[in-house]
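Some notes on the structure that comes next.
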Amino acid sequence: MGYRENKAHIGFFGKCNVGKSSLINVLTGQNTAIVSQQRGTTTDIVKKSLELFDIGAVMLIDTAGLDDNTILSSQRKTKTLEAVNLVDLAVIVVSENSFDDTEQNLINTFVNRNIPYIIVYNKQDIFPINETTKTEIQKYFKDFILLTSALPNTKTELTNLIGKHLKQNPYDNKGVLNGIITPKDFVVLVTPIDSAAPKGRMILPQVKMIREVLDNNCMNIVVKPEQLEYTLRTLNIKPTLVITDSQVFKMVDAIVPKDIFLTSFSILLAKEKGAFEDYLKGTPHIDYLKDGDKILLLENCTHQPTCEDIGRVKIPMMLRKYTKKNLEFKVLAGLTDMVDNVEDYALVIQCGGCMATQKQLMNRLQVFQQAKIPITNYGMAIAYANGIFNRACEVFRV
């Protein structure tokens, strides 16, 4: 779990019945999305994971038509626009020589969100493109292609165009530990096993760091917090780096010698795909919080909370204790919903984002950055409240 959502997300947008679902079915080679001549067949966001040649693992997203005038049209349009926040690349599908405000508004949305887009003209065999439509499309995207869902070369043409314009694939990332550790280094990973830990498996950040250590031709050992002191005392090799779960930062800091780099899984994820520099600037605003200030915690996943939940329980408790202020907290889980009044919040704390792509996470934070609301992340906020913020970030400054 987790790798599924960390793939590049490619969304298909456009009017009803232009063939968005048909093109997705062409790419997947199966009936992933329901296809019908009836307008408004796609009623909700449909996702399909697959491998595309020369691109790698991606998530395709099918959306409802934006010119839907059925009873549920408002809800469908809302879902479609919510999907904008999920995508790394948008495919605007056009057909029947209809290119007007619907497509132009979509393009404006993608441009404002800094989301790359491509335009394809579908059903060329039934509704051949005319010069007027061609001229209008080329004002916005000169590289557009003509497609027919039933033709065998459609998949190749569409895949090539997607690959050309997909600026960032999460799997192309060389890893956040690249440059921090060198071959034959030794890394210790500290992973608590409490009631919030998933049964029978590791969480994605832990698995990811184990793999990155190995990819850098280094060695690692995974221990629980209560085993750390014994491990360091009995090892015959000095670790280059200790990576810990943020919630035991204070305990681990007291155990790990100061000449060994120490950071957390959450901070490493923030460095890899978060607004890292904004986090560094925003974290010290914790010192300026006042009684009654509202703090928003952003979680990209929708896990089941427990009494030891880091976002709902531990961080609020730590910050109230550190600031000695009566603070209000709100948790927003998932990727689609958003608060109405961003200016009501004195601070935003983003989770590590292991269940989101970089683009999804940055789309999520953009509204707060534009409103000049200080932002930080779980690991940095916890480190700051425990007085070890500088140490936790030191490894990125050398």
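Only heavy atoms go into these numbers, but all of them, side chains included; no hydrogens, no water, no symmetry mates.
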Q. What's the verdict on side chain to side chain contact (heavy atoms under 4.5 Å, CB included) for L297 and C351, showing C-alpha distance, side-chain angles and the deciding distance?
A. CA-CA 7 Å; L297 295 112; C351 74; over 6 Å; no
**Q.** Donor on one side chain, acceptor on other, S98 and K15, under 3.5 Å
**A.** yes
Q) Do the non-hydrogen side-chain atoms of V188 and L228 ever get within less than 4.5 Å of each other? A) yes
**Q.** Test: D62 and K48 ion pair at under 4.0 Å
**A.** no
Q. Is the distance between the ring centroids of F396 and F276 under 6.0 Å?
A. yes
Q. Where is the tightest heavy-atom contact between A83 and T63, given as atom of each residue plus distance?
A. CB-CG2, 3.9 Å
Q) Do I129 and Q124 have side chains that get closer than 4.5 Å, going by heavy atoms? A) yes
Q) Charged N to carboxylate O under 4.0 angstrom, E328 versus R320? A) no
(Q) Under 4.5 Å between side-chain heavy atoms, counting indirect links through other Ile/Leu/Val/Met/Phe/Trp/Tyr residues: same cluster for F12 and L147 or not? (A) yes
(Q) Looking only at the side chains, is there a donor atom on one of Y288 and D293 sitting less than 3.5 Å from an acceptor on the other? (A) no
**Q.** Heavy-atom closest pair, residues L280 and R397
**A.** CD2-NH2, 4.2 Å
Q. Do you know the tightest heavy-atom contact between N85 and N363?
A. O-ND2, 3.3 Å
Q. If you look at every heavy atom in A346 and L289, which pair is closest and at what distance?
A. CB-CD2, 3.9 Å
Q: Find out if a path of hydrophobic residues (ILVMFWY) with successive side-chain heavy-atom gaps under 4.5 Å connects V26 to L60.
A: no
Q.
Checking N377 against S266: is there a side-chain donor and acceptor pair closer than 3.5 Å?
A. yes
Q) Would you find a donor on one side and an acceptor on the other, under 3.5 Å apart, between the side chain of K123 and the backbone of N17? A) yes
Q.
Just so I know, are the side chains of I181 and E212 near enough to count as touching, which here means a heavy-atom distance under 4.5 Å?
A. no
Q.
Within the structure provided, determine whether Y121 and I145 are in side-chain contact (heavy-atom separation under 4.5 Å).
A. no
**Q.** Nearest atoms (heavy-atom pairs only) where M251 meets P225
**A.** CE-O, 3.2 Å
Q: Output, in order, the C-alpha distance, side-chain angles, deciding distance and verdict of salt bridge (charged side-chain N to carboxylate O under 4.0 Å, His left out) for D245 and K224.
A: CA-CA 10 Å; D245 190 290; K224 293 193 289 186; over 6 Å; no
Q) Below 4.0 angstrom, N of the basic side chain to O of the carboxylate: do E136 and K139 qualify? A) yes
Q) Is the shortest distance from a Lys or Arg side-chain nitrogen in K281 or E277 to a carboxylate oxygen in the other one below 4.0 Å? A) no
Q | Closest non-hydrogen atom pair, A385 against L319 | A | CB-CD2, 4.2 Å
Q. Strictly by modelled atom types, are T376 and T283 linked by a side-chain donor-acceptor pair under 3.5 Å?
A. yes
Q: Carefully, step by step, assess K208 and E272 under the rule salt bridge (charged side-chain N to carboxylate O under 4.0 Å, His left out).
A: CA-CA 12 Å; K208 176 177 172 56; E272 180 183 48; 2.9 Å; yes
Q.
Assess, by modelled atom type and distance only, whether the side chains of T133 and N130 contain a donor and an acceptor separated by less than 3.5 Å.
A. yes
Q: Apply side chain to side chain contact (heavy atoms under 4.5 Å, CB included) to F99 and Q104, showing your working.
A: CA-CA 8 Å; F99 187 87; Q104 290 162 16; 4.1 Å; yes
Q) So, for F13 and F110, is the gap between ring centers shorter than 6.0 Å? A) yes
Q. Same hydrophobic cluster for Y230 and L189, using side-chain heavy-atom links shorter than 4.5 Å among ILVMFWY?
A. no
(Q) Can you confirm whether more than 12 heavy atoms, excluding those of K258, are under 6.0 Å from its NZ atom? (A) yes
Q: Look at the side chain of E103 and the backbone N and O of D100, then say whether any donor-acceptor pair between them is shorter than 3.5 Å.
A: yes
Q: Indicate yes or no for a side-chain donor-acceptor contact from N97 to the backbone of P128 under 3.5 Å, with no hydrogens or angles considered.
A: yes
Q.
Less than 4.5 Å apart, side chain to side chain, heavy atoms only: is that true for I267 and Y279?
A. no
**Q.** V256-V190 co-clustered via ILVMFWY side chain contacts under 4.5 Å
**A.** yes
Q: For D259, look at atom CG and say whether over 12 heavy atoms of other residues, nucleotides or ligands are found less than 6.0 Å away.
A: yes
Q. Within a strict 4.5 Å, meaning less than it, do heavy atoms of the I92 and I118 side chains meet?
A. no
Q: Given side chain to side chain contact (heavy atoms under 4.5 Å, CB included), test F249 with I388 step by step and report yes or no.
A: CA-CA 8 Å; F249 240 145; I388 54 176; 3.5 Å; yes
(Q) Do T263 and L241 make a side-chain contact, defined as non-hydrogen atoms from C-beta onward lying under 4.5 Å apart? (A) yes
**Q.** Side-chain donor-acceptor contact under 3.5 Å, T182 with D185
**A.** yes
(Q) What I want to check is whether the side chains of Y384 and D287 have a donor and an acceptor closer together than 3.5 Å. (A) yes
Q.
List the residues meeting salt bridge (charged side-chain N to carboxylate O under 4.0 Å, His left out) with D291, not counting sequence neighbours, and say none if there are none.
A. none
**Q.** Contact check, side chains of S246 and Y378, non-hydrogen atoms, under 4.5 Å
**A.** no
(Q) Do L151 and L158 land in one hydrophobic cluster if side-chain heavy atoms of ILVMFWY residues count as linked below 4.5 Å? (A) no
